[in-house]
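This report concerns only the one structure given below.
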Protein chains: 2
Amino acid sequence: MRSMPASGTHPESKLNAGSGTPSKNLMAERRRRKRLNDRLSMLRSTVPKISKMDRTATLGDTIDYVKELTKRIKTVEEEMGTTPEELNLLKNFSSGGNEETPTRSSTKLCANIENQGGGDTKIEICCSTNPGALIATVTALDVLGLEIEQCVVSCFSDFAMQASCSQAEGKRQVISTDEIKQALLRSAGYGARCL
Amino acid sequence: MRSMPASGTHPESKLNAGSGTPSKNLMAERRRRKRLNDRLSMLRSTVPKISKMDRTATLGDTIDYVKELTKRIKTVEEEMGTTPEELNLLKNFSSGGNEETPTRSSTKLCANIENQGGGDTKIEICCSTNPGALIATVTALDVLGLEIEQCVVSCFSDFAMQASCSQAEGKRQVISTDEIKQALLRSAGYGARCL
DNA sequence: GATTACACGTGATGC
DNA sequence: TGCATCACGTGTAAT
């Protein structure tokens, strides 16, 4: 406890005792110091791991904490980025979606969508086998609000999938077949791996 | 630029000019100030958003940044908890996994797993249609390191899926059929909805 | 020219 | 005892 460091001489120090504009600057410095100490206290209360009440220690702990947080953020967001392609999908959707298909040159990738009327849609997609293609496609359909009624999947030399879907209630209705195609190509071509 | 604040009088200040043990403490204070400034610089280089080079501003920005980071961590981790059921699955796995199957009373739910040898496994699962059952099952298989080679899905009155899987390389090998069954029942019965 | 921010040296205080 | 940390008042450069 350092407790009230004995401000010693009250305002008006030795040299500028009688002048009219004596401690203008002094007061400013006092305020500055106070602000700084307040910030320091806030820091101490914000950062959980405070080893000592030292100024330097506080700053050091803060640095460590920030680094640790950014690290965690990074890893977690990486997992988030690869695991559910939904976010990327949604983003690509809201931002127009027809920039261009990222056709991942030199790997097979094609899709065929047929609107059967009555909210029913027939899906065919085929691409070179990549881990996660199936899960990405299923997720993409889910995001699009297309419920799979029946599907057949083969993942040997290529990944091939045929599915009959119905438009889920309450989801974004009236999606064009082309939108569906773009989304599926995107997700399947992405080749993102889960976990 | 505040640039080399003119240290003014070199070591040996006005009062302790001739004494032998004069500025012992002085040096210490110098070192202290240096350490503190170093920490401050490290902070400035660690925190991306530095509005001004002020000491107080630096601390303030740091506080804001830490708060923002913790906030993002919190929200992201919350999303992680709900969106991919993988984490729940993995947790259930590492913590024994055989507490009891949460058999979601009054809804159909059954699975059958056959080990075909050579890392090949035949999966059959059937449950009352619930949104997300397919995606949950596919995700679960992915987490288990089982790559789907072929599968057939029907989602009309019930959700039914048959699949031939092969053990993915590098993933946790030698999973018992019972473990697979438990995991699948869990995920399918969960009925968790993505997004 | 007034205000702001900093570094400096020093005395005080707790380990 | 010395060693570390702190608050203080002041000089001074930059805005």
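Note that the structure is a prediction, hence the values are computed from the model and not measured. Numbers restart at 1 for each chain; the letters A, B, ... are given by sequence-line order, proteins then strands.
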Whole Å only: how far is the CZ atom of Arg55(B) from the P atom of dA5(C)? 12 Å
So which pairs with a foot in residues 156-167 of chain A pass salt bridge (Lys or Arg N to Asp or Glu O under 4.0 Å), sequence neighbours left out? Lys108(A)-Asp158(A)
Counting only side-chain nitrogens and oxygens, does Arg30(A) get under 4.0 Å of the OP1 or OP2 atom of dG9(D)? yes
Who passes side chain to side chain contact (heavy atoms under 4.5 Å, CB included) against Glu68(A), sequence neighbours left out? Tyr65(A), Arg72(A)
Stretch residues 36-54 of chain B: residues that reach within less than 4.0 Å of DNA chain D through a heavy atom: none
Nucleotide nearest Arg35(B) when distance is taken to its side chain, options dA5(C), dC8(C), dA4(D): dA4(D)
Write down the distance between CZ (Arg31(B)) and C1' (dC3(D)), rounded to a whole number of angstrom. 9 Å
Could you note down all residue pairs passing salt bridge (Lys or Arg N to Asp or Glu O under 4.0 Å) where residues 51-63 of chain B supplies at least one of them, sequence neighbours left out? Lys52(B)-Asp54(B)
Starting at atom CG of Leu26(A), determine the distance to atom P of dC8(C), rounded to an integer number of angstrom. 20 Å
Given dC8(D), is OP1 or OP2 found less than 4.0 Å from the side-chain N or O atoms of Arg33(A)? yes
Euclidean distance, atom CE of residue Met27(A) to atom C1' of dA7(D) [Å, nearest integer]: 15 Å
From NZ of Lys34(A) over to P of dA5(C), roughly how many Å is that when rounded to an integer? 16 Å
Any pair counted as side-chain hydrogen bond (donor to acceptor under 3.5 Å, both in side chains), so long as it reaches residues 36-45 of chain A, sequence neighbours left out: Lys34(A)-Asp38(A), Arg44(A)-Thr58(A)
Would you call Ser187(B) and Thr139(B) a side-chain contact if the rule is heavy atoms closer than 4.5 Å? no
Using the side-chain contact (heavy atoms from CB on, under 4.5 Å) definition, which of the options Ser128(B), Cys127(B), Cys126(B), Ser154(B) pairs with Phe159(B)? Cys127(B)
Contacts of Ser157(B) meeting side chain to side chain contact (heavy atoms under 4.5 Å, CB included) (sequence neighbours excluded), chain-then-number -> none
When the axes are fitted on five pairs at both termini, how much does the helix from dA2(C)-dT15(D) to dC15(C)-dG2(D) curve, in 10° steps? 0°
Do the side chain of Glu29(A) and the base of dC6(C) come within less than 3.5 angstrom through a donor-acceptor pair of N or O atoms? yes
Show me, pair by pair, the donor-acceptor contacts under 3.5 angstrom made by side chains of residues 109-121 of chain A, not counting sequence neighbours?
unit_1: Asn115(A); atom_1: OD1; unit_2: Gly117(A); atom_2: N; d: 2.8

Arg32(B) CZ - dG14(C) C1' separation (whole Å): 14 Å
Test of understanding: with side chain to side chain donor-acceptor pair (under 3.5 Å), list the residues that count as partners of Arg35(A), not counting sequence neighbours. none
Using atom CG of Asn25(B) as one end and atom C1' of dC8(C) as the other, report the distance to the nearest whole Å. 13 Å
